[in-house]
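One structure is given below, encoded as structure tokens.
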Amino acid sequence: MKRALFAALVGFLALAYSVVGVNTLHAAKITIACGPGDERSQSCKNMANEWAKANGHEVELFVNPRLSSDALGFFQQILAAKSTDVDIFMIDVIWPGLLAKHFIDLKEYIPESHINAHFESIVKNNTDSKGRLVGVPYFTDAGLMYYRKDLLDKHGHEAPKTWADLERISKDIMAKENNPKLLGFVWQGRAYEGLTCDALEWIDSFGGGTIVEKDGTISINNPKAIEALDTARSWIADGITPESILNYAEEDSRGVFQSGNAIFMRNWPYAWSLAQGDESPIKGKVGVAPIPMGGATGKHSGALGGWQLAVSKYSKNPEAAAKIVEYLTTKESQMRMAIKHSNLPTRPDAYEDPKLAAEAPFMVSLLDTFKNAVARPSSVTARKYNRVSSKFWSEVHNVLAGKKTGAEAAAELEKQLERIKGRRW
Ligand code: GLC
């Protein structure tokens with residue numbers, strides 16, 4: 001009896017081993033870099049794993065730096081070394097011109113109908129000069145103004161239409177609330193790509209252009225842009241924004257706002273689902289509006305952001321990786337990420353789904369704001385974009401720190417950008 005049992009066990013183990021053995025021969029481990037290891041990147045990995053598991057594969061998350069500018073440097077090193085460690089990269093909307101040559105053409109693996117179901121402008125942004133599609137849109141982004149609806153209501157204010165409104169409302173509520181911890185307006189003032197986005201919004205909202213225009217003209221040195229930069233400095237000088245803003249990235253401003261210590265916050269849509277989380281002290285107290293205009297003749301201007309999924313040319317499993325990219329960019333997957341993490345979908349069909357308006361009303365009510373978001377000059381400056389942006393954010397940082405006036409910084413930038421441009425972009 002014992003011997004029969006033993007033989008059966010050996011037989012079972014041999015069978016199990018051979019099954020596992022066969023599987024490991026074909027199974028691939030796909031590594032995806034889609035964030036800094038926070039909940040949103042875990043959701044990305046878990047979702048990718050659904051497709052992988054159903055197809056006998058497995059997905060691993062490759063944790064990357066949180067800030068866009070840091071992630072870029074990190075990815076550039078990995079790609080320059082032709083490393084096979086990462087198969088799928090989540091790339092910023094401003095990177096295709098910098099990184100295209102390291103990615104496969106996803107059109108070879110993903111049906112055209114799937115690609116064409118995404119906003120045409122983003123697909124175009126992700127297509128290189130040779131017509132190769134280097135990234136499928138994963139989610140889009142636009143700068144938004146978050147405000148404490150409860151505090152504005154209590155003191156009889158509407159959401160601000162202009163920057164002057166925002167300043168006036170901040171001062172009024174700060175004076176009346178009598179809470180020394182309460183700040184007026186928090187945003188992203190650290191010297192990095194996030195500051196380029198915030199400052200582009202101020203400048204464009206005053207009608208001061210987009211640093212470098214679509215035809216390649218360097219436009220930064222103009223009176224409206226200068227007025228915008230000096231206005232931002234005045235928020236710090238007037239005390240509605242703390243000096244420490246010079247070191248704030250997105251998560252720093254969200255930390256302050258979400259703990260109830262700021263009236264206004266400029267941030268991306270992701271902050272909504274966190275502010276509305278069960279643990280959030282400001283749950284149910286938050287309003288979302290377009291970025292204020294620079295005066296009555298200005299305009300509402302949110303910077304265009306967003307992330308794409310790209311497959312490395314050095315991947316050992318490009319086909320499985322591309323299929324995962326396809327799975328993560330279906331309407332169903334984008335709806336799940338929109339509802340759970342307020343990622344803005346990149347597909348018109350998601351905006352038509354009533355579930356989106358029910359979960360995150362601003363996603364549908366501000367659709368025009370998203371569609372008209374102002375792009376950074378990454379297409380026209382292409383491979384030189386990162387140099388342009390880092391000069392820009394450094395000079396803006398100097399103005400915020402009170403080291404230069406808006407006029408001095410704009411004149412200096414014009415000179416430096418002409419040098420980077422050379423004869424052509
Ligand atoms: C957001 C945007 C991205 C931008 C970054 C700057 O992640 O989606 O496009 O570059 O913020 O911090």
Side-chain angles (χ1 to χ4, degrees), residues 33-41 43-44 64-76 89-99 118-119 121-122 125-126 134-146 186-202 204 210-211 245-255 265-274 291 301-310 329 334 337-338 341-346 363 366 369-371 373-379 381 385-390 392-394 396-397:
C34 57
D38 55 3
E39 266 186 53
R40 203 157 48 143
S41 27
S43 294
C44 162
N64 57 252
R66 183 181 290 282
L67 302 186
S68 168
S69 349
D70 297 344
L72 175 62
F74 188 61
F75 288 170
Q76 277 174 322
F89 288 88
M90 185 176 85
I91 63 165
D92 200 334
V93 68
I94 50 178
W95 297 351
L98 298 164
L99 302 179
H118 293 260
F119 288 124
S121 55
I122 314 181
N125 177 73
N126 299 353
V134 299
V136 180
Y138 179 49
F139 68 93
T140 185
D141 252 349
L144 294 172
M145 186 59 70
Y146 291 82
V186 291
W187 33 279
Q188 292 77 47
R190 186 183 177 124
Y192 79 120
E193 185 62 31
L195 176 55
T196 291
C197 297
D198 286 40
L200 173 65
E201 283 166 1
W202 313 327
D204 187 51
T210 57
I211 313 161
I245 205 77
L246 293 169
N247 213 22
Y248 273 35
E250 285 87 355
E251 279 294 88
D252 306 292
S253 29
R254 189 181 64 82
M265 168 178 73
R266 183 273 176 207
N267 216 324
W268 304 100
Y270 84 97
W272 168 259
S273 67
L274 296 164
I291 299 288
S301 176
L304 175 69
W307 295 81
Q308 342 299 316
L309 295 172
T329 52
Q334 290 206 343
M337 290 300 276
H341 298 291
S342 45
N343 275 5
L344 287 183
T346 58
M363 286 198 188
L366 294 182
T369 305
F370 304 141
K371 283 191 178 157
V374 57
R376 285 159 276 174
S378 55
S379 296
T381 59
Y385 174 72
N386 203 42
R387 286 166 67 199
V388 169
S389 184
S390 48
F392 177 67
W393 80 53
S394 312
V396 173
H397 200 261

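For clarity, every value in this text was computed on a predicted model and none was experimentally measured. Remember, it's 1-based here, ligands and their atoms both numbered in the order they're listed.
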Nearest heavy-atom pair of [X] and [Y]: which atoms, and what distance?
{"X": "A303", "Y": "W268", "result": "O-CZ3, 3.5 Å"}
{"X": "K371", "Y": "F119", "result": "CE-CE2, 4.4 Å"}
{"X": "S253", "Y": "Q188", "result": "OG-NE2, 3.0 Å"}
{"X": "H397", "Y": "L246", "result": "NE2-O, 3.0 Å"}

Write out the residue and atom name of the closest protein heavy atom to [atom], then the distance separating them to 0.1 Å.
{"atom": "atom 8 (O) of ligand 1", "result": "D141 OD2, 2.5 Å"}
{"atom": "atom 7 (O) of ligand 1", "result": "W307 NE1, 3.0 Å"}
{"atom": "atom 12 (O) of ligand 1", "result": "E250 OE2, 2.6 Å"}
{"atom": "atom 9 (O) of ligand 1", "result": "D92 OD1, 2.6 Å"}
{"atom": "atom 11 (O) of ligand 1", "result": "W268 NE1, 3.1 Å"}

### Message
Tell me whether F139 reaches ligand 1 (any heavy atom closer than 4.0 angstrom to a ligand atom).
### Response
no
### Task
Give a yes/no verdict on whether any heavy atom in R376 is under 4.0 Å from an atom of ligand 1.
yes
Number the atoms of ligand 1 from 1 as they appear, then name those within less than 4.0 Å of a heavy atom of [X], with their elements.
{"X": "E193", "value": "10 (O)"}
{"X": "G194", "value": "6 (C), 12 (O)"}
{"X": "Y192", "value": "12 (O)"}
{"X": "G305", "value": "2 (C), 8 (O), 9 (O)"}

Given 3.5 Å as the limit, does a donor-acceptor pair link the side chain of [X] with the main chain of [Y], or not?
{"X": "D252", "Y": "A249", "answer": "yes"}
{"X": "S69", "Y": "E193", "answer": "yes"}
{"X": "N126", "Y": "G135", "answer": "yes"}

### Message
Among E250, H341, E251, exactly one meets side chain to side chain donor-acceptor pair (under 3.5 Å) together with Y270. Which residue is that?
### Response
E251
### Message
Is there a polar contact between ligand 1 and G306, counting only N or O atoms under 3.5 Å apart?
### Response
yes
